[in-house]
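Beneath this line is the structure, given in structure tokens, with notes to follow.
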Number of protein chains: 2
Amino acid sequence: MSKLPSLKNLSYLLALHQEQNFNRAAAECNVSQSTLSSGIQNLEEQLDCQLIERDHKSFLFTALGEEIVEKARDIISASEELLHYAQGQGNIMEGPLRLGIIPTIAPFVIGELSKNLQNKFPKLLLQLSEDTTQNLLHRLRNGELDILLLALPMDIQGNQKWILGRDPFKLVVHKELAETVGEPVDYDKLPDRSIFLLEKEHCMTGHAVAACQLTDSIKMNPFTATSLHSLVQMADARLGATFIPQMAIDQGILDNTDLVSLKPTGQEASRDIGLVYRPTTSRRQTFRKVAEEIARLLPVNTLN
Amino acid sequence: MSKLPSLKNLSYLLALHQEQNFNRAAAECNVSQSTLSSGIQNLEEQLDCQLIERDHKSFLFTALGEEIVEKARDIISASEELLHYAQGQGNIMEGPLRLGIIPTIAPFVIGELSKNLQNKFPKLLLQLSEDTTQNLLHRLRNGELDILLLALPMDIQGNQKWILGRDPFKLVVHKELAETVGEPVDYDKLPDRSIFLLEKEHCMTGHAVAACQLTDSIKMNPFTATSLHSLVQMADARLGATFIPQMAIDQGILDNTDLVSLKPTGQEASRDIGLVYRPTTSRRQTFRKVAEEIARLLPVNTLN
DNA sequence: CTGTTTAATTGGTATTTTCGATTATCATAA
DNA sequence: TTATGATAATCGAAAATACCAATTAAACAG
């Protein structure tokens, strides 16, 4: 049997893949460029295959190289996990946990969540990262993050998920408009172009439109906001109406405004909130406990 | 960050767990007992935890040690898998081969080609991609594709090529027009604007015009089609004549039509069919075998 | 043409790994 | 009680390797 590749060389390969440059990758690994270079060559020899195509000045990962990188990532992160697990004396609620959250959830849960986790699992080091669904999925894939808190349904690629609960949408309007619109809402009573939504990078826009059966696009205003707080400000300035998730309202986003929230049309006018993780993870038990903590904070907890 | 445990030491741990004896485990690993002993100690130091309880004469795995063994097994087997996978790809006719083909070739070769490759090299995973020459060259450059099947002559930038064979052009007209035109074709016998061609994105247009010495542009109809099948339909509807490559005719594109194919003017009224690849590739041998398979399907095989 | 940036190579040094020999400990047989 | 045999740990030297700084070679930008 041929010798197994060393984790060191595999990590050199990952760094090179990330940086696409030998010098930066070497700096990343705290070794010299020559060390990394020969490490890669060594790896190619051991694996008996070409991982990168060299072109004197530059290089390109081969198809096989890309696949090896994927596998290497799993191996490296499993090894890191083993290390942390051992160093924590087998305590699964110890060490770093890198959690990615989308911007339309993050501000309404991270306060409570980090407080609760801090109390229950003081040795757990929660590292939060706020980004769009697509970016988070990418960062999950390349091992930069451990789990993601997303709004579903959503294409989560090859990953696995738990549905933690539901988060109803509310139509938010200025109180002087409330009677006109009625409840449940009749969108026809709203002026054209009076519904404001987030930029399309935010998955909440699609979820809200679908869940609330807002089919008449003439009602939407083409101006798009970058945060729920902006939407609230716009509604409060009587520019129009908008959809706000219940968890934001529970957290007080409408305090000190003249806005009211109305139940939108649609049986299930809500989004699902779910936790997404790599299928190759070895930390399901840790994630499960975190899932329970998050589910307790949601408007509707459906975690079985 | 502390250093990752070495795969070697993890495998020592696995052997020790299996044999429950340092000497036998050492033999299993083809190292001396002292090497294995210090390997285990080293591991305990790195992981900063006790894996086995020593009792002078004998030892016992700790609870944490047992758990670490489980995790280590996953890591070791993932690493072995990576190794085998990489080495398996060393077999040149195995794994993914990403082949880009232009639309005026693809439909007439991919059926036979994929059938033949499947038979001869069942482990080869052919991934086809149909696109214009320019797009294919771009995708070859950035590593998205491995080889391209193109019509030549063509500026293939920094890449290398093999000419596989020739594909003669035929002038295709309705059978009632055949006698008028004669053979070899006299274009002057055709009405003005009666020759239909593909959109200029298709390199075949230029090749056909050049190869068939069609210099009198007044003969061309400004309407352009997007596929050879459209051209055939137009000719069959007596809208005019067109150029069709021999490989399409061989494959039966004129079946169930009232069209006949005539030899056009010009000594070498044909296009070359070639395989294009990056000069830095390490897979020439694989490509060569594919080249041979493709060449066998061409009207005129010139691969030496 | 010149200086810069890139990855590979080289040669020497430092570190790590490995082994064989030795030691310490225990169980057991004589 | 005293050998004997088996165990795992320890030690020191030798071998293998990992590493770096400096250099080379090529491509590129100005």
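Lettering follows sequence order; numbering is per chain, from 1.
- Under 4.0 angstrom from either OP1 or OP2 of dT18(C) there lies at least one side-chain N or O belonging to Tyr12(B).
- When rounded to the nearest whole Å, the span between CZ of Phe59(B) and P of dA9(D) equals 8 Å.
- Between the side chains of Thr104(B) and Arg271(B), at least one donor-acceptor pair of N or O atoms lies under 3.5 Å.
- In this structure, Asn30(B) reaches the sugar-phosphate backbone alone: every heavy-atom distance under 4.0 Å involves primed, P, OP1 or OP2 atoms, never a base.
- Applying the side chain to side chain donor-acceptor pair (under 3.5 Å) criterion to Gln33(A), with sequence neighbours excluded, gives no partner residue.
- Listed in residue order, the members of residues 15-28 of chain B having a heavy atom less than 4.0 Å from DNA chain C come to none.
- For residues 32-49 of chain B, proximity to DNA chain D is found at Gln33(B), Ser34(B), Ser37(B), Gln41(B), defined as any non-hydrogen atom under 4.0 angstrom from a strand atom.
- Residues satisfying the side chain to side chain donor-acceptor pair (under 3.5 Å) criterion with Ser79(B), sequence neighbours excluded, are absent altogether.
- Screening residues 6-16 of chain A for side-chain hydrogen bond (donor to acceptor under 3.5 Å, both in side chains) gives no qualifying pairs among residues at least two apart or on separate chains.
- The side-chain contact (heavy atoms from CB on, under 4.5 Å) test applied to Ala72(A) returns Leu10(A), Leu14(A), Leu82(B), not counting sequence neighbours.
- Between Lys8(B) and dT18(C) there is a side-chain polar atom (N or O) within less than 4.0 angstrom of OP1 or OP2.
- The salt bridge (charged side-chain N to carboxylate O under 4.0 Å, His left out) contacts involving residues 127-139 of chain A comprise Asp131(A)-Arg139(A), Arg139(A)-Glu144(A), where partners must be two or more places apart or lie in separate chains.
- Residues passing the ring pair (Phe, Tyr, Trp, His ring centres under 6.0 Å) test with His202(A), sequence neighbours excluded: none.
- With sequence neighbours left out, the ring pair (Phe, Tyr, Trp, His ring centres under 6.0 Å) criterion links Phe59(A) to Phe22(A).
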